[in-house]
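Have a look at the structure below before the remarks.
Proteins come first, then strands; the chains are lettered A, B, ... in the order of their sequence lines, and each starts at number 1.
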There are 2 protein chains.
Amino acid sequence: MSDRPELAEAQACAQLSALAHEGRLRIFRALVSAGPKGLAAGVLADKVEISPSNLSAHLAVLTTAGLAQVTKAGRQRIYAADLAATAELVSFLVADCCGGDPDLCRDVTAKLAVSALRACN
Amino acid sequence: MSDRPELAEAQACAQLSALAHEGRLRIFRALVSAGPKGLAAGVLADKVEISPSNLSAHLAVLTTAGLAQVTKAGRQRIYAADLAATAELVSFLVADCCGGDPDLCRDVTAKLAVSALRACN
DNA sequence: TCAATATTTCAAGAAGTATTGAAATGAAAT
DNA sequence: ATTTCATTTCAATACTTCTTGAAATATTGA
């Protein structure tokens with residue numbers, strides 16, 4: 001036993017923990033809906049109604065987990081959701097599904113694709 | 001403001017919380033990989049190396065969140081992952097993405113589909 | 001009925017996470 | 001230089017969730 005899926009597992013768990021909080025979930029979804037341009041922390045604070053210091057802590061959790069990226073712009077910090085990382089997480093969740101049955105697998109893939117499409121209209 | 005996306009938000013949060021635990025994440029993925037036939041609690045306990053009472057608590061969290069289903073078979077209980085619910089959760093995570101930009105949206109959908117495909121081979 | 005098996009329930013201590021407001025940092029404007 | 005603005009850091013308290021083992025429940029087989 002010398003393979004290392006441990007890192008991925010811990011990472012996925014950290015990402016899920018980051019999302020597993022009502023405030024952070026709102027924050028993350030606000031970032032997703034803002035798109036790649038992202039949002040300044042202050043704008044976010046208004047949008048999700050969370051105090052600045054609290055928001056800052058939550059954003060740190062999301063970025064540390066790899067679900068958001070920060071860039072500095074003058075005195076503000078712009079946060080953006082990392083959708084590639086999000087897709088990776090989803091992939092990890094349903095990995096090796098269905099006991100290798102290709103028909104079932106296709107079904108799962110289809111469901112996910114439909115979900116994604118529905119989300120993106 | 002009289003729309004009610006609150007239920008969905010709380011539900012999604014509960015599901016993410018359920019997954020946001022190293023042991024439960026292993027449990028859930030074991031169920032995913034077992035497919036719709038599911039696994040008896042005892043078999044799971046061996047597979048993920050969690051004590052029966054602890055496992056039972058974790059399975060209760062997953063089923064209450066709607067990510068797993070139980071059925072009784074004699075003196076054992078068979079648990080199975082709910083992949084439709086999982087797809088719904090993913091959908092919720094990336095809802096309204098990209099500020100409505102159709103090109104970006106297509107990109108996100110593609111990423112999710114690719115992730116799903118990669119997971120299912 | 002009795003014993004064995006599979007699983008859940010319970011209680012309590014241990015560990016981890018959230019929230020708060022005040023103070024600190026760092027960048028821009030005056 | 002000083003002030004203002006955006007954000008983060010800190011420390012303390014409050015809150016939730018985990019884990020454990022022992023006891024309870026429920027089902028099957030002898």
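- Considering only the side chain of B/S53, D/dA22 comes nearest among C/dA22, D/dC18, D/dA22.
- Atom NZ of A/K72 is separated from atom P of C/dT25 by 14 Å (rounded to the nearest Å).
- When distances are taken from the side chain of A/Y79 to each of D/dT7, C/dT8, D/dT8, the shortest belongs to D/dT8.
- As a whole-Å value, the separation of B/N54 CG from C/dT8 P is 12 Å.
- Of the candidate nucleotides D/dT7, C/dA22, D/dT19, D/dT19 has the atom lying nearest to any side-chain atom of B/H21.
- Remark: the backbone N or O of A/K72 is not paired with any side-chain donor or acceptor of A/R77 at under 3.5 angstrom.
- At least one donor-acceptor pair under 3.5 Å links the side chain of A/R24 to the backbone N or O of A/A18.
- Here D/dT19 presents its P atom at 10 Å from CD1 of B/I27, a figure rounded to the nearest Å.
- Protein atom CG of B/L55 is 12 Å distant from nucleotide atom C1' of C/dA6, rounded to whole Å.
- Computed from coordinates, the A/L39 CG to D/dT7 P distance equals 11 Å when rounded to whole Å.
- Contacts of B/A40 with the nucleic acid, taken as non-hydrogen atoms under 4.0 Å apart, involve only primed sugar atoms and P, OP1 or OP2.
- Rounded to a whole Å, the CD atom of B/E22 is 16 Å from the C1' atom of C/dA15.
- Remark on DNA chain C: of its neighbouring residues A/G74 and A/H58, the 5'-side contact belongs to A/H58, judged by nearest-heavy-atom nucleotide.
- Put simply, the side chain of B/R75 and the base of C/dT5 share a donor and an acceptor less than 3.5 Å apart.
- Between the side chain of B/S56 and the backbone N or O of B/P52 there is no donor-acceptor pair closer than 3.5 Å.
- When the options A/V70, A/T71, A/V43 are evaluated for a side-chain contact (heavy atoms from CB on, under 4.5 Å) with A/I78, the one that passes is A/T71.
- Counting only heavy atoms from C-beta on, A/R77 has its side chain closest to D/dT8 among C/dT9, D/dC18, D/dT8.
- Between the side chain of A/T63 and the main chain of A/A60, a donor-acceptor pair closer than 3.5 Å is present.
- What separates CG of B/L59 from C1' of D/dT19 is a distance of 15 Å, to the nearest Å.
- Spacing between atom CD of A/Q76 and atom C1' of D/dT4 amounts to 14 Å, rounded to whole angstrom units.
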